[in-house]
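Okay, so here's the structure we're looking at.
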Amino acid sequence: MVGSVANEKIQTLPEDFVTTKVDDEVEKKREISVGRNVHTTCHEVSEPDDDDDSTGDREAYMASVLARYRKSLIERTKHHLGYPYNLDFDYGALGQLQHFSINNLGDPFIESNYGVHSRQFEVGVLDWFARLWELEKNEYWGYITNCGTEGNLHGILVGREVFPDGILYASKDSHYSVFKAARMYRMECVKVNTLVSGEIDCDDFKAKLLCHKDKPAILNVNIGTTVKGAVDDLDLVIQKLEEAGFTHDRFYIHCDGALFGLMMPFVKRAPKVTFKKPIGSVSVSGHKFVGCPMPCGVQITRLKHINCLSSNVEYLASRDATIMGSRNGHAPIFLWYTLNRKGYGGFQKEVQTCLKNAHYLKDRLREAGIGAMLNELSSTVVFERPQEEEFVRKWQLACQGNIAHVIVMPNITIEKLDDFLSELLQHRAKWFQDGKLQAPCIASDVGTENCLCASHK
């Protein structure tokens, strides 16, 4: 922890804490359709009766609830298109480990007094990713995080500790966790404009750098943005930093590769993410393209940076340099299992299939007269937001303004895409049949060349 506030009155951080001293923008407020209140459907916890052990009624009740829940999971998995989770996995071989409380306390490379851990698996996974991003064993430090957000929080925290007076730069299309980090760490944050593709506008980035030449730069680079799947040009970003007069000892780059960080190495013509370039850290999610059944992630940084964060903890007989204290010890085993089963060759095949299926979906949408966009290096297909929230919820689409997206993952087959397209076209015929509703214009989101509204057909 950076400091203790146990005896102070804690105030909630304002949502608008993130500041941009250059070109502040007043964003139009839009009513967001939020999910249902789960209190209406929650499974209440009730105290057992005295005779429950003998009658077995409670066990039977709980079994029936779980059976219904499993049935709903099967149904919801069949209609899952909008979020970047690979649901195609089989970890039956790991069921034998569920009876153990596996907790990876402290530093992955320093064994704690707590012996029920999986550090040997964790370090094996970290070594695999360090090789992928070309960083030697004696030059890297990392750990298995609890989610992609934790990877971003840690990467930006390392940057802040390396440059305490640094300014955080992030494109407007960056994941919300980046701006959460700015609020949590009380960092000055400058939002950078983006191109229609969702990629960072490097000219705007350079202009804003020049306004703050007196302070080091901490930059979040997106290896696939959340909504449009855009990949920031890492080489061009570094070039703009150098053009603005920032030497390599005055900037820190964190690469948020939550989904595409593991896909990019297997995409032809994709910009290479490597520590041979002057970057500080990379994070990916383990429950996304890899396909773990629980949220987790991988965070890799340079070993020379981690001393800024670490402190010895006698209670653990280890060192602490992570965001969370306790970490899921099962997650590294799931990651290790998948990496061993698939390897580089298996991931390459899956990436190629995802990209091919994404192009199929984009082409079918446009053939049907639906505006759609697909970035060259992406499997995220952006298109007109459906008119009914029930349809959105059924297919679990992620929406923003007038657009929605489908993220084509290894479990998304052509057959599933055809089912989705068939149902979408049936609903569109009803939405627009009387002429009262018109397809939304999404030119500002995807470009005029990708919009098929009445004005841009």
Side-chain angles (χ1 to χ4, degrees), residues 70-93 224 226-229 258-268 270 284-295 334-335 337-339 341-386 390-399 403-428:
R70 182 179 185 276
K71 186 177 179 180
S72 73
L73 288 177
I74 293 172
E75 174 62 24
R76 300 310 288 140
T77 298
K78 287 194 298 186
H79 298 93
H80 185 281
L81 290 180
Y83 294 87
Y85 305 135
N86 179 4
L87 305 181
D88 184 19
F89 53 75
D90 181 3
Y91 291 106
T226 307
V227 176
K228 298 180 181 179
L259 170 60
F260 294 106
L262 188 53
M263 296 178 69
M264 287 301 99
F266 309 109
V267 179
K268 294 179 181 178
V284 298
S285 294
H287 56 292
K288 293 181 180 174
F289 196 79
V290 177
C292 279
M294 76 283 288
F334 281 85
L335 289 169
Y337 187 82
T338 298
L339 296 181
R341 286 191 65 186
K342 295 182 179 180
Y344 292 132
F347 285 119
Q348 185 173 31
K349 290 179 182 178
E350 289 189 338
V351 168
Q352 291 171 352
T353 299
C354 290
L355 295 179
K356 181 183 69 174
N357 291 350
H359 279 277
Y360 172 82
L361 174 59
K362 186 260 296 182
D363 292 342
R364 287 289 310 277
L365 286 167
R366 293 183 65 82
E367 288 169 7
I370 303 172
M373 178 187 78
L374 174 62
N375 278 307
E376 180 185 6
L377 305 173
S378 177
S379 65
T380 299
V381 181
V382 182
F383 59 99
E384 300 169 12
R385 181 176 185 154
E390 281 301 314
F391 181 87
V392 168
R393 293 188 195 281
K394 175 179 178 179
W395 288 96
Q396 298 164 70
L397 303 178
C399 302
I403 58 174
H405 74 204
V406 164
I407 301 181
V408 180
M409 300 296 284
N411 62 295
I412 306 298
T413 62
I414 292 292
E415 292 73 23
K416 182 173 288 191
L417 293 175
D418 282 340
D419 289 342
F420 167 73
L421 285 161
S422 176
E423 188 170 332
L424 176 61
L425 294 180
Q426 290 176 15
H427 278 76
R428 280 176 61 86

Next item on the list: Taking the side chain as every heavy atom from C-beta outward, state whether Phe260 and Val284 have any pair of such atoms under 4.5 Å apart.
Entry: no
Next item on the list: For a side-chain contact (heavy atoms from CB on, under 4.5 Å) with Met409, tell me which candidate from Leu87, Thr353, Leu81, Leu259 qualifies.
Entry: Leu259
Next item on the list: Find out whether Tyr83 and Ile407 are in side-chain contact, i.e. whether some heavy atom of one side chain is under 4.5 Å from a heavy atom of the other.
Entry: no
Checklist line | Stepwise side-chain contact (heavy atoms from CB on, under 4.5 Å) test for Phe391 and Leu397 | finding: CA-CA 9 Å; Phe391 181 87; Leu397 303 178; 4.2 Å; yes
Next item on the list: Report the distance from atom CD of Glu390 to atom CZ of Arg393, rounding to the nearest 0.5 Å.
Entry: 7.0 Å
Next item on the list: Would you check if Ile370 and Leu424 make a side-chain contact, meaning some heavy-atom pair closer than 4.5 Å?
Entry: yes
Notebook entry, point to check: Is any side-chain N of the basic residue among Asp418 and Arg364 closer than 4.0 Å to the acidic one's carboxylate O?
Noted result: yes
Check: Can you tell me if Arg366 uses its side chain to pair, donor with acceptor, with the backbone of Ala372 under 3.5 Å?
Finding: yes
Item checked: Exam field: side chain Glu384 to backbone Gly371, donor-acceptor pair closer than 3.5 Å -> yes
Next item on the list: State whether the side chain of Asn375 and the backbone N or O of Leu377 hold a donor-acceptor pair below 3.5 Å, judged by distance alone.
Entry: no
Check: Is there side-chain contact between Pro265 and Tyr344, with at least one heavy-atom pair below 4.5 Å?
Finding: no
Notebook entry, point to check: Under 3.5 Å, side chain of Arg76 to main-chain N/O of Trp395, donor-acceptor pair present?
Noted result: no
Notebook entry, point to check: Between Leu425 and Ala368, what is the shortest heavy-atom contact and its length?
Noted result: CD2-CB, 3.6 Å
Note to self: Please evaluate residues Thr338 and Phe89 with respect to the criterion side-chain contact (heavy atoms from CB on, under 4.5 Å), reporting the C-alpha separation (whole Å), side-chain torsions for both, the decisive distance (0.1 Å), and the verdict.
What the structure shows: CA-CA 9 Å; Thr338 298; Phe89 53 75; 6.0 Å; no
Margin query: Any non-hydrogen side-chain atom of Val381 less than 4.5 Å from a side-chain atom of Lys362?
Written below: yes
Margin query: Test side-chain contact (heavy atoms from CB on, under 4.5 Å) on Asp419 and Leu421; report intermediate values, then the result.
Written below: CA-CA 6 Å; Asp419 289 342; Leu421 285 161; over 6 Å; no
Item checked: Heavy atoms from other residues, nucleotides or ligands near CZ of Arg341 exceed 12 (cutoff 6.0 Å) -> no
Notebook entry, point to check: When rounded to the nearest 0.5 angstrom, what is the spacing between CD in Glu350 and CZ in Phe266?
Noted result: 10.0 Å
Notebook entry, point to check: Any side-chain heavy-atom pair from Val290 and Lys342 closer than 4.5 angstrom?
Noted result: no
Notebook entry, point to check: Taking all non-hydrogen atoms of both residues, which atom of Gln396 and which atom of His80 are closest, and how far apart?
Noted result: OE1-CD2, 3.2 Å
Next item on the list: Find out whether Met263 and Ser379 are in side-chain contact, i.e. whether some heavy atom of one side chain is under 4.5 Å from a heavy atom of the other.
Entry: yes
Notebook entry, point to check: Which atoms form the tightest heavy-atom contact between His405 and Thr380, and what is the distance?
Noted result: ND1-CG2, 3.6 Å
Next item on the list: May I have the step-by-step check of side-chain contact (heavy atoms from CB on, under 4.5 Å) for Val267 and Leu355, ending in yes or no?
Entry: CA-CA 9 Å; Val267 179; Leu355 295 179; 4.0 Å; yes
Notebook entry, point to check: Between Asp363 and Leu365, is any pair of side-chain heavy atoms under 4.5 Å apart?
Noted result: no
Next item on the list: Heavy atoms only: give me the nearest Leu361-Leu417 pair and the separation to one decimal.
Entry: CD2-CD2, 4.0 Å
Item checked: Ala398 to Gly82 - nearest heavy-atom pair and separation -> CB-O, 3.6 Å
Check: Once you round to the nearest 0.5 Å, how far does CD1 of Ile414 lie from OH of Tyr360?
Finding: 5.5 Å
Check: Aromatic rings Phe334 and Tyr91: how do their planes relate, parallel, tilted or perpendicular, breaks at 30° and 60°?
Finding: perpendicular
Next item on the list: List the atom of Cys399, the atom of Ala404, and the distance in Å for their closest heavy-atom pair.
Entry: SG-CB, 3.8 Å
Item checked: Exercise: do Tyr85 and Ser285 side chains pair donor with acceptor under 3.5 Å -> no
